[in-house]
Amino acid sequence: MPVFHTKTIESILEPVAQQVSRLVILHEEAEDGNAMPDLSRPVQAVSLAVTNLVKVGRETIQNSDDDILRLDMPSALARVENSSQHLEEASAMLKGDPFSTPARKKLIEGSRGILQGTSSLLLCFDESEVRKIIRECKRVLDYLAVSEVIDTMEDLVQFLKDLSPCLSKVSREVSSREKELTHQVHSEILVRCLEQVKILAPILICSMKVFILIVEQQGKGSDEAAENRNYLASRMSDEIQEMIRILQLTTYDEDQSE
Amino acid sequence: EMILEAANAIMCASSNLVRAANAAQRELI
């Protein structure tokens with residue numbers, strides 16, 4: 001089972017995660033170990049990259065209107081910054097004593113911290129992106145709730161004008177998200193829900209039209225037409241709700257989802 | 001996204017660092 005729930009996060013973190021695990025194992029197996037080479041240059045490169053991430057991260061926080069991101073991201077940035085400091089300290093200690101065990105421990109601690117902090121940061125950013133998609137899904141849910149009160153052709157035209165771009169956006173974003181997921185089952189559920197929504201949308205519009213025509217002509221069967229329309233709207237809402245549920249899952253929740 | 005690029009740059013730099021540290025240990029095993 002994949003550890004990282006999106007392909008982007010996996011591609012960024014996975015190679016280093018493996019190397020850090022290897023570092024820990026090698027350190028344990030080697031016990032006192034060989035003399036460490038001078039790590040000041042690679043540590044300096046990490047520090048520079050961390051400075052840049054902190055800058056970009058702070059800009060992201062400032063420009064975001066997502067309260068959760070604004071709350072969560074600073075601690076992830078602090079973690080990365082502290083870990084970078086650990087690496088610099090380890091590097092300085094190793095320069096004085098290439099066999100220093102505390103320095104090696106600090107090196108491992110720093111490497112792990114960079115990995116975990118970056119992982120938290122990416123997760124935080126990813127969750128914020130997911131919330132944007134969910135916001136669009138909820139807009140569709142709001143429109144679907146309005147379908148029950150549409151009783152003129154003019155309102156139906158306006159309803160369609162409002163719903164269509166929103167639905168297209170959801171379709172585009174969920175489709176792109178589905179391709180990003182490493183969890184096959186979650187991805188397949190999103191595809192299935194999206195297909196259902198695409199099938200149901202024109203049928204719902206048709207049922208709304210039938211209802212309006214019956215009411216306008218004062219014909220029989222308006223109750224049945226309303227019932228049919230409501231049923232279709234609720235089927236679509238269920239599919240959107242399921243998409244929201246799956247979008248919020250990460251592989252860490254997979255026990256619950258299955 | 002810039003944040004993804006920045007995170008990727010850190011991971012590349014960390015990868016070089018950890019590889020250098022691993023290389024020294026591997027000689028001993």
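Every chain is numbered from 1 and lettered A, B, ... according to where its sequence line falls, protein lines coming before strand lines.
- Looking at Leu115(A), the atoms closer than 4.5 Å to chain B (heavy atoms on both sides) sit in the backbone and in the side chain alike.
- Of the residues considered (Cys12(B), Ala9(B), Ala7(B)), Ala7(B) shows the highest number of contacts with chain A, using heavy-atom pairs under 4.5 Å.
- In this structure, the side chain of Ser15(B) does not engage the main chain of Val16(A) through any donor-acceptor pair within 3.5 Å.
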Inset, instruction - Determine, stepwise, if the pair Thr182(A) / Glu10(A) fulfils side-chain hydrogen bond (donor to acceptor under 3.5 Å, both in side chains). - result: CA-CA 8 Å; Thr182(A) 54; Glu10(A) 185 180 57; 5.3 Å; no

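- With respect to the salt-bridge test (charged N to carboxylate O, under 4.0 angstrom), the residues Glu180(A) and Lys7(A) do not qualify.
- Only the side chain of Leu122(A) comes within less than 4.5 Å of a heavy atom of chain B; its backbone N, CA, C and O stay farther away.
- For Ile114(A), the parts lying near chain B are the backbone and the side chain together; criterion is any non-hydrogen pair under 4.5 Å.
- Residues Glu109(A) and Lys106(A) are not paired through a salt bridge, judged by the lack of any N-O separation under 4.0 Å between the basic side chain and the carboxylate.
- For chain B, the nearby part of Leu87(A) is the side chain; its heavy atoms alone come within less than 4.5 Å.
- Per-residue counts of heavy-atom pairs under 4.5 Å with chain B were compared for Pro42(A), Ala49(A), Ser111(A); the largest is that of Ala49(A).
- Residues Glu5(B) and Val56(A) are not in side-chain contact: their nearest non-hydrogen atoms beyond the backbone lie 4.5 Å or more apart.
- Here the shortest heavy-atom pairing between Val43(A) and Ser91(A) reads CG2-CB, 3.9 Å.
- Counting only heavy atoms from C-beta outward, the side chains of Phe99(A) and Arg104(A) approach each other to under 4.5 Å.
- Residues meeting the side chain to side chain donor-acceptor pair (under 3.5 Å) test with Gln241(A), sequence neighbours left out: none.
- For the side chain to side chain donor-acceptor pair (under 3.5 Å) with Ser175(A), the lone residue among Lys179(A), Arg177(A), Glu173(A), Arg172(A) that qualifies is Lys179(A).
- Chain B is approached within less than 4.5 Å, heavy atom to heavy atom, by Met73(A), Val80(A) from residues 66-86 of chain A, ordered by number.
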